[in-house]
Amino acid sequence: MASRACTRVILILAWIKLLTAQYSIPSVTIQALKPKGIRVSIPDTPGLSLFVFQGNVNRSIAKNDVGNIMGEITEPTDGRWVFEDLDVQLNVGDVINYYVHVVHNQMGYIKDPDSVIVRDTEQGAYHFVAGVHYRATEAFSNACLPQYKDLLAQYYNILNERLSKRCSAINVNTNVTFIKAMLSLLDETEVKVDFVLEITPARNETLLYDLCGTTLKLIFDLSVPYASALIEPILNVSSIGNQCPSLRAIRSSISRGFIWNIGEALIRDTNDVPTRQLEDPSSKNPTANDCGTTQTRVRNGKACAGNIIFEERFDFLREDVWQIEQYIPDEPDFPFVSYQRPFNAPTVSVQGGNLRIEPKLQQNVPGFGSSIEMGTLDLFSGCTSTSTKCRAEAWGASILPPIVSGRLTTKAFAFTYGLVEIRAKLPQGDWLYPDILLESFLKKYGSLNYASGVVRVGGARGNEQLAVGSTGFGNNLLYGGVLMDATCRDTLLRNKTSSRPWGDDFHVYSVRWTPDVITLSVDGEEWARFAASGDSLKDQFPPSCDVARSALTTGSKLAPFDDHFVITLGIAAGGITEFPDDATSGGKPKPWKNTSRKASLRFWQDIASWIETWRQPALIVDYVTVRAL
């Protein structure tokens with residue numbers, strides 16, 4: 001916990017004894033954060049009870065001075081004493097003058113003032129640190145730690161090969177190397193191991209470091225067994241003799257970035273290759289001289305090659321960025337939902353750093369006071385679409401949308417070309433499906449029947465056992481692609497089968513969109529690719545398809561995917577396009593026909609069959625990032 005109480009710090013400084021023989025302050029690690037901020041840390045050691053950092057930017061500092069960057073930490077986090085100040089703005093060339101002091105076994109110690117210079121990072125040392133906690137089957141002592149360390153080291157060569165191969169999936173060789181492991185006994189049955197890995201791509205581009213870092217983050221995330229199976233040799237550690245029991249990994253924490261250590265000179269050598277460097281937080285808004293050219297375009301903004309142009313971590317719901325939709329959708333999918341944001345039954349929320357979109361029954365929304373089969377649904381107050389989609393009235397076979405769901409769109413951000421990554425856990429429940437989409441901002445080529453294009457980044461239908469004949473396409477089948485025509489919507493859709501349901505775990509769904517090709521990946525592995533055949537993408541559709549051919553001839557060969565698009569996240573249910581009429585779920589026929597006027601009614605009348613399967617109906621999103629090409 002950081003404090004800016006200068007009075008307390010000055011009092012502490014007054015009684016510090018300058019003792020150096022009895023205790024040596026551990027090496028200090030400093031990182032800069034994007035878009036701004038600084039992180040300073042030291043490893044935890046027995047007896048530490050206080051860590052204080054004092055620093056000035058471009059101004060000298062003397063021992064016992066109070067700096068303009070200061071933090072007082074009174075307890076460690078995951079084996080390190082970490083101070084962060086997210087308000088510090090650092091720029092290339094800034095000099096950080098600083099010192100630290102600690103309290104160890106009730107005695108105070110000061111590390112003499114030092115300084116570092118902020119340089120650019122494109123050639124810097126990039127470290128990935130995975131803090132893995134293990135639980136032992138029985139109590140053991142510190143004497144086992146060196147033996148565990150040696151046992152783990154036996155697997156580094158094979159893991160270096162595996163991880164390097166995974167990080168090299170983007171057609172550039174990237175070496176991943178285990179540098180060291182630091183073990184600490186937390187109690188008699190729990191040990192923490194900090195694995196330090198260094199990432200070295202063949203080309204020194206920030207994008208390549210970050211792509212590999214994101215891939216490793218997923219692999220070391222123990223909540224995603226599908227991905228962490230790659231490092232299984234170090235997650236289950238065998239017993240050693242009779243004194244050191246077996247260990248099982250139970251949780252992990254991740255940090256990554258360009259780093260330097262105390263005393264290192266941050267300058268370039270004669271080969272123009274820099275030493276360890278501070279990650280440049282100004283790279284998100286670089287100067288004209290620092291900005292590399294890119295094919296990416298940003299509405300009302302500027303993009304620089306390899307830089308993040310949009311990032312959402314969902315610490316809270318930013319309604320200046322996201323538009324929470326409220327309307328009743330219709331063509332071409334006609335899902336059986338309305339998009340709403342009822343204050344007393346939220347469909348969209350942020351919980352624990354995740355976005356949560358969860359459908360509900362309209363009849364259970366407090367204050368509804370009407371009937372699905374006979375009532376009226378009025379969404380004019382706060383409606384985000386045209387008037388025809390703001391009100392519905394039940395009449396005859398046409399009932400009100402029985403499901404209330406959520407949908408968000410990036411109203412403040414639109415772009416053309418880039419790399420999009422979305423880490424999400426997909427919903428599970430019969431007749432549900434997620435929308436993780438790129439949608440046209442201006443509808444340049446038309447607004448009906450996907451005329452201006454939709455990219456379905458990834459999704460899986462929520463049914464556990466969904467099939468047409470012997471072909472399954474339930475939650476184990478990932479599907480996605482590009483939509484350009486409602487009649488021929490499946491022409492450019494692809495799929496990928498998994499042995500496990502996609503909704504069981506978080507996965508990273510990504511799309512790389514360039515002027516020539518659109519590629520889809522999941523967890524760092526490409527699984528679908530769409531490029532123009534002949535003169536344009538539209539040539540892949542047969543003449544019978546109602547593609548906007550005339551309008552598309554005015555665009556590029558990848559039209560309609562050559563204009564600004566926005567990001568859309570949501571959940572829908574039912575509808576007339578996602579589920580074929582001859583489908584069965586758990587052996588039972590689908591309750592509605594796509595061409596029937598009573599489709600929504602038949603779905604609603606079968607509620608007893610599907611509502612009990614909605615055990616995890618939410619789309620949960622960890623983060624969204626967009627990076628320029």
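Computed from a predicted model, the values in this text were never measured in an experiment. Residue indices begin at 1 and follow the sequence shown.
By the 30° and 60° cut-offs, the orientation of the rings of W322 relative to F310 is perpendicular. The aromatic rings of F336 and F603 lie tilted to each other, with the angle between the two planes from 30° to 60°.
Heavy atoms from other residues, nucleotides or ligands lying under 6.0 Å from CD of Q616 number more than 12.
Heavy atoms only, all atoms of each residue included: N475 and G503 are closest at OD1-N, 2.9 Å.
The residues R500 and D505 are annotated as salt-bridged, a charged nitrogen and a carboxylate oxygen being separated by less than 4.0 angstrom. Salt-bridge annotation for K411 and D320: absent, with no side-chain N of the basic residue lying under 4.0 Å from a carboxylate O of the acidic one. A salt bridge links R489 with E578: at least one charged nitrogen is closer than 4.0 Å to a carboxylate oxygen. We find that K557 and D516 are joined by a salt bridge, their nearest charged nitrogen and carboxylate oxygen being less than 4.0 Å apart. Using a 4.0 Å cut-off between charged nitrogen and carboxylate oxygen, R456 and D435 count as a salt-bridge pair. Between R391 and E393 there is a salt bridge, since at least one side-chain N of the basic residue sits less than 4.0 Å from a carboxylate O of the acidic one. The residues R341 and E325 are annotated as not salt-bridged, no charged nitrogen and carboxylate oxygen being separated by less than 4.0 angstrom.
With hydrogens and angles ignored, the 3.5 Å screen pairs no side-chain donor or acceptor of K425 with any backbone N or O of H507. Distance alone, capped at 3.5 Å, places no donor-acceptor pair between the T347 side chain and the P359 backbone. Panel note: side chain T487, backbone C545; no donor-acceptor pair is recorded below 3.5 Å. Judged by distance alone, with hydrogens and angles left aside, the side-chain atoms of Q340 form no donor-acceptor pair with the main-chain N or O of P342 at under 3.5 Å. Side-chain atoms of S447 never come within 3.5 Å of backbone atoms of K443 as a donor-acceptor pair (strictly under, hydrogens ignored).
Proximity of the aromatic rings of F530 and F561 is defined here by a centroid distance below 6.0 angstrom, and this criterion is not met. Taking the six-membered ring wherever Trp is involved, the centroid distance between the rings of F415 and F413 falls below 6.0 Å. In summary, the aromatic rings of W431 and W592 are positioned with their centroids under 6.0 Å apart.
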ring-ring contact (aromatic ring centres under 6.0 Å, His included) evaluation trace for F220 with F128: CA-CA 10 Å; F220 279 88; F128 178 95; 5.6 Å; yes

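When each of D563, D562, T554 is paired with Y445, the side chain to side chain donor-acceptor pair (under 3.5 Å) condition holds for D562 and for no other.
Atom CD1 in I611 sits 11.5 Å away from atom CG in D606 (nearest 0.5 Å). Considering CG of L400 and OG1 of T376, their distance stands at 6.5 Å, rounded to 0.5 Å. D581 CG to T595 OG1: the interatomic distance, rounded to the nearest 0.5 Å, is 6.0 Å.
Side-chain contact, H564 with R299: no donor N or O sits under 3.5 Å from an acceptor N or O. In this model, no donor atom of one side chain and acceptor atom of the other lie less than 3.5 Å apart for S371 and E373. Counted by atom type alone, D504 and Q428 present one or more donor-acceptor pairs between their side chains at under 3.5 Å. Side-chain contact of E439 with T568: a donor-acceptor pair under 3.5 Å is present, judged by distance alone.
Taking 4.5 Å as the limit, some side-chain heavy atom of F506 sits within range of a side-chain heavy atom of D622.
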